[in-house]
Amino acid sequence: MNKKIIVNCNNRETRVALIEERELVEIYIERPIHQRVVGNIYYGVVANVLPGMQAAFVDIGLERNAFLYVDDVILPEKSKETREGGKRKTIEELLQEGDRLLVQVVKEPFGNKGARVTCQITLPGRFLVLMPNVSYVGISRRIEDPEERQRLKNLADSVKPENMGLIARTVAEGVSMECLRNDVDFLTKMWKKIQSRIKSKEAPLLVHQDVNLIYRIVRDLFTENIDQFLIDARYEYEKVLETLEFVSPALVNKVFYYRGEKPIFDKYNLENELEKALKRNVWLECGGYLVFDQTEALTVIDVNTGKYIGSKNLEDTVFKANKEAARQIPRQLRLRDIGGIIIIDFIDMNSSEHEKEILNILEENLSKDRTKAHILGITNLGLVEMTRKKVRQGLDAVLMQPCSYCEGRGKVLSVEFMSSKVERILKKMLMNEEGEAILLEVNQNVAALLIGSNGSNLRKIEEETNKTVYIRGSESMHLEKFKILMVGEEREVSRAASPVNPGQVCRVKIEEPHLSNPYDGIARVQGFVIDVQAGGAYVGENVEVEITEVAKTYARARLLRH
């Protein structure tokens, strides 16, 4: 498989893209102002113990206290006490408010939630992961050869420090005893430094910070399976080479400094791919499409045939669309870094054999993902249930923010609802207002309903409130917003309400034909409607007009030149 790692560095952020067979499958982004905390080790203070949740909140010096579940409490000094008679001790038996303990962040803070932490510390090296608080040897599940697994277990057993554990990483496949021993020496020295730091300082305290993005990629992702590692920053390029000379000299010749005229992400069309990854709909090559709807804990993916009509029969059309979706969904999960519970609504299939094949394709493509995913099966409603481990924020959380208007709902109030709401507020306000007239600015679509056909609704509002109301429609005003521009004497408000006067010559754009008289055209000046006689033939064009008449809610004009 053709694989590339593309690294883009600038002062504001570092971006790393993983490409497989010319497709973007993973993206990592790190910004100096939003430092990653996953992997960091803190000396924390227990702030609260919650028996009802069997958890504790730990102050680690971040904005929000971290969450520690009882199953993640492993205290070296109480390791023999964490279970009694085969029964797990409760959180209140293990921890008390004010206790000091070493914890590692396993899940980033997200939304209103603090980071999730564990007492089971892991220190990743190039080939091994050191686990100071346990004493066993594990082998990466991605190493499938039984003989190689046994060889690595024997080597790891021989270099394992006393009372500590090791995990052989995937990249350890085929490496020598010397490489593993060097890794162990490096990691044990790191652990001793961490222990010495907590002896001399007060909690809460950051005692170990994981390396930055580029070097995590070199450590965790850059293996023999990668064909090219391209980076567009000279300084970082040289540091990567220096690091590889020490940990994996064989990979040095795969690293290249990018000097192209085009920005490196443009060169590989990654900017466009990033924008597509933020969209709700994902089009398939066959003409079908996927729809992604996300909540904090649950993601629903709907598969649709879209433009795809097939060529044989309905079952064949559905099967082919589902097959392509089963290949694309794992890629999108990796690219968008979607975690938690995932529900996939494939197009209904009548054949159980087809259902099995779709699940097999899904499973096969999920196996390429380094993040653990598990397919639970198909429900009675024909929905595929699966989970994917959630460690960091998804791509949409990194690159997007909730809409300040709809507050993340993805919808805005309807024109009908807003016109009724504004009318109620207006009537209530005018009942207690001493001024003769009021000038109101609203979205132009809301204004049309407030005014009504030939001003009928506006007249009713004025009759009920005994006030003169002027309404200005604005294209730039958000649908859910409105402004009271002026309240006072009718003569003054009337003058302010109209931005044009009889005899005035101005240049306007004909936006649309007149609704009841298509011969005329509608233009607007500061949201004020201009009915241009004979303007219907010039929709979309800029024309010069003379104002002939100014009414309360609109003005008339005649064409001069266009």
Side-chain angles (χ1 to χ4, degrees), residues 1-5 16 18-21 25-26 28 38-39 104 106 118 120-161 164-188 190 210-211 215-229 243-244 246-254 330-331 333-334 339 360-375 386-389 391:
M1 181 182 288
N2 186 0
K3 290 186 178 181
K4 292 180 181 178
I5 293 175
V16 178
L18 175 62
I19 298 175
E20 293 179 358
E21 299 296 343
V25 293
E26 291 179 21
Y28 302 86
V38 170
Q104 186 170 32
V106 293
T118 178
Q120 184 168 315
I121 308 298
T122 57
L123 295 174
R126 174 63 174 169
F127 305 109
L128 299 169
V129 176
L130 179 69
M131 299 178 292
N133 297 333
V134 297
S135 183
Y136 67 85
V137 168
I139 309 296
S140 167
R141 60 188 173 89
R142 290 182 176 273
I143 299 175
E144 298 177 353
D145 182 8
E147 291 184 6
E148 178 60 17
R149 292 181 66 86
Q150 189 58 50
R151 184 188 78 88
L152 282 173
K153 188 176 187 311
N154 294 338
L155 292 180
D157 279 329
S158 64
V159 299
K160 184 178 78 69
M164 293 188 188
L166 290 175
I167 296 175
R169 309 186 71 180
T170 308
V171 73
E173 189 169 7
V175 303
S176 65
M177 165 80 82
E178 185 181 0
C179 290
L180 298 184
R181 185 175 284 114
N182 288 340
D183 232 20
V184 169
D185 290 343
F186 172 74
L187 294 172
T188 50
M190 184 187 295
D210 202 6
V211 293
Y215 303 101
R216 290 199 306 274
I217 294 298
V218 170
R219 182 189 69 195
D220 302 338
L221 204 60
F222 190 24
T223 65
E224 289 290 343
N225 294 328
I226 303 296
D227 298 294
Q228 282 186 317
F229 186 111
T243 303
L244 287 172
F246 176 71
V247 297
S248 291
L251 296 178
V252 168
N253 62 353
K254 293 187 176 185
R331 177 194 171 228
L333 296 180
R334 292 173 69 187
N360 289 338
I361 293 171
L362 192 63
E363 189 89 54
E364 180 185 344
N365 283 272
L366 283 171
S367 67
K368 302 172 186 176
D369 191 352
R370 294 186 309 125
T371 301
K372 189 176 180 181
H374 181 54
I375 298 175
M386 63 170 288
T387 61
R388 186 173 184 269
K389 190 175 180 181
V391 176

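Since this is a predicted model, take the numbers as computed values, not measurements.
Annotation: the span from Thr122 atom OG1 to Gln104 atom CD amounts to 4.0 Å, rounded to 0.5 Å. Leu180 CG to Leu166 CG: the interatomic distance, rounded to the nearest 0.5 Å, is 8.5 Å. Atoms CG and CE, from Leu187 and Met164 in turn, are 10.0 Å apart once rounded to the nearest 0.5 Å. For the atom pair Arg219 CZ and Ile217 CD1, the distance stands at 9.5 Å (nearest 0.5 Å). Note that NZ of Lys368 and CZ of Arg142 are 11.5 Å apart. Values are rounded to the nearest 0.5 Å. Rounded to the nearest 0.5 Å, atoms CZ (Arg216) and CG (Asp210) are 6.0 Å apart.
The main-chain N or O of Ala250 is never found under 3.5 Å from a side-chain atom of Ser248 such that the two would form a donor-acceptor pair. The backbone N or O of Lys3 sits nowhere less than 3.5 Å from a side-chain atom of Glu20 that would complete a donor-acceptor pair. In this structure a side-chain-to-backbone donor-acceptor pair under 3.5 Å is missing from Asp183 to Gly125.
Put simply, the side chain of Leu366 reaches to within 4.5 Å of the side chain of Leu333, judged on heavy atoms. Counting heavy atoms from C-beta outward, Ile139 and Arg149 have side chains that approach closer than 4.5 Å. Using a 4.5 Å cut-off on side-chain heavy atoms (C-beta onward), Lys254 and Glu224 make contact. Under the 4.5 Å side-chain criterion, counting only non-hydrogen atoms from C-beta, Leu244 is in contact with Val218. Looking at heavy atoms from C-beta onward, Arg141 lies out of side-chain contact with Thr170 at the 4.5 angstrom threshold. Pro161 has its side chain within reach of Leu130: a pair of non-hydrogen atoms, C-beta onward, lies under 4.5 Å apart. Side chains of Gln228 and Ile5 form no contact here, defined as non-hydrogen atoms less than 4.5 Å apart. Residues Leu362 and Pro330 form a side-chain contact, since some pair of their non-hydrogen atoms from C-beta on lies under 4.5 Å apart.
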Subject >> Residues Val159, Met177; criterion side-chain contact (heavy atoms from CB on, under 4.5 Å); working and verdict >> reply: CA-CA 8 Å; Val159 299; Met177 165 80 82; 3.4 Å; yes
**OP:** Check the pair Leu251 / Phe229 against side-chain contact (heavy atoms from CB on, under 4.5 Å), numbers first and verdict last.
**Re:** CA-CA 9 Å; Leu251 296 178; Phe229 186 111; over 6 Å; no
Subject >> Check against side-chain contact (heavy atoms from CB on, under 4.5 Å), Asn133 and Gln120 >> reply: CA-CA 6 Å; Asn133 297 333; Gln120 184 168 315; 5.6 Å; no
**OP:** Check step by step if side-chain contact (heavy atoms from CB on, under 4.5 Å) holds for Val171 and Phe222.
**Re:** CA-CA 9 Å; Val171 73; Phe222 190 24; over 6 Å; no
**OP:** Could you give me the CA-CA distance, side-chain angles and deciding distance for Asp185 and Arg181, then say whether salt bridge (charged side-chain N to carboxylate O under 4.0 Å, His left out) is met?
**Re:** CA-CA 6 Å; Asp185 290 343; Arg181 185 175 284 114; 5.9 Å; no
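Here the closest heavy-atom approach between residue Leu155 and residue Val175 is recorded as CD1-O, 4.2 Å. Closest heavy-atom contact between Thr223 and Arg126: CA-NH2, 4.3 Å. Taking every heavy atom of both residues into account, Gly174 and Glu148 meet most closely at N-OE2, 2.8 Å. In this structure, Met386 and Ile375 approach most closely via the heavy-atom pair CB-CA, 3.9 Å. A pairwise comparison of heavy atoms in Pro124 and Val129 identifies CA-CG2, 4.1 Å as the closest pair.
Within 6.0 Å of the CZ atom in Phe186, the count of heavy atoms belonging to other residues, nucleotides or ligands does not exceed 12.
Classification of Arg151 and Asp145 as a salt-bridged pair fails, no side-chain N sitting under 4.0 Å from a carboxylate O. By the 4.0 Å N-to-carboxylate-O rule, Asp369 lies too far from Arg331 to be salt-bridged with it.
Contacts of Phe127 classified as ring-ring contact (aromatic ring centres under 6.0 Å, His included), with partners at least two apart in sequence or in another chain: none. The salt bridge (Lys or Arg N to Asp or Glu O under 4.0 Å) check on Glu26 picks up Arg334, with sequence neighbours excluded.
Side chains of Asn154 and Gln150: a donor on one and an acceptor on the other come within 3.5 Å. Counting only N and O atoms by type, the side chains of Lys160 and Ser135 include a donor and acceptor under 3.5 Å apart.
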